[in-house]
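Report on the structure given below.
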Amino acid sequence: MKHEDRRKELGKMLMDVAKYLATVGLIGSVLTNSLTIYGGVAITIIVVSLILIAFYIIPPKRKV
C-alpha cells in the first residue's frame, strides 16, 4: 500500500484528538459543573466518531 505509513499516523492523530477531547470536554466540564446533557452527548458522539474513523483509517497488519 502506497500510503500505509501516512494512514497509520493520521489514525494515531485522530485517536489522540479523541482522547484529548474526551479528557478536556467531559472531565473538564464535570469538574467545573458546566456539563449539560446536550454538551455531553455531543462530545460523546464526536469522540466515538473520531475513534471509528481512526479505526478504519489505520491499515490492517499485513500477513507475511
_By the side-chain hydrogen bond (donor to acceptor under 3.5 Å, both in side chains) test, which pairs, at least two apart or in different chains, include something from residues 21-32?_
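Sorted pair list: T32-S34.
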*Tell me, which pairs form a salt bridge (Lys or Arg N to Asp or Glu O under 4.0 Å) where one or both residues lie in residues 19-34, sequence neighbours left out?*
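Listed once each, the pairs are D16-K19.
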Testing the basics here: between [X] and [Y], what is the closest heavy-atom pair and its distance to 0.1 Å?
{"X": "P59", "Y": "K8", "answer": "CD-N, 3.9 Å"}
{"X": "A18", "Y": "L50", "answer": "CB-CB, 3.9 Å"}
{"X": "G11", "Y": "A54", "answer": "O-CB, 3.4 Å"}

*Indicate, with yes or no, if I43 and V30 share a hydrophobic cluster defined by side-chain heavy-atom contacts under 4.5 Å among Ile, Leu, Val, Met, Phe, Trp and Tyr.*
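In one cluster: yes.
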*Is V17 reachable from I58 through a run of I, L, V, M, F, W or Y residues, each pair having side-chain heavy atoms under 4.5 Å apart?*
no
*Near L31 CG, under 6.0 Å, is it more than 12 heavy atoms from other residues, nucleotides or ligands?*
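Enclosed: over 12 neighbouring heavy atoms sit under 6.0 Å from CG of L31.
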*Using a side-chain heavy atom cutoff under 4.5 Å and only I, L, V, M, F, W and Y, what cluster partners does L52 have?*
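Answer for L52: V48.
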*Quick one: salt bridge (Lys or Arg N to Asp or Glu O under 4.0 Å) partners of K12, sequence neighbours excluded?*
E9
*Sequence neighbours left out, what passes side chain to side chain contact (heavy atoms under 4.5 Å, CB included) with A22? Give chain and number order.*
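A22 satisfies side chain to side chain contact (heavy atoms under 4.5 Å, CB included) with V47 once adjacent residues are dropped.
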_I45: which residues meet the side chain to side chain contact (heavy atoms under 4.5 Å, CB included) condition with it, sequence neighbours left out?_
V41, S49
_Inter-residue atom distance M13.CE - I57.CD1, 0.5 Å rounding_ =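 M13 CE to I57 CD1: 8.0 Å, rounded to 0.5 Å.
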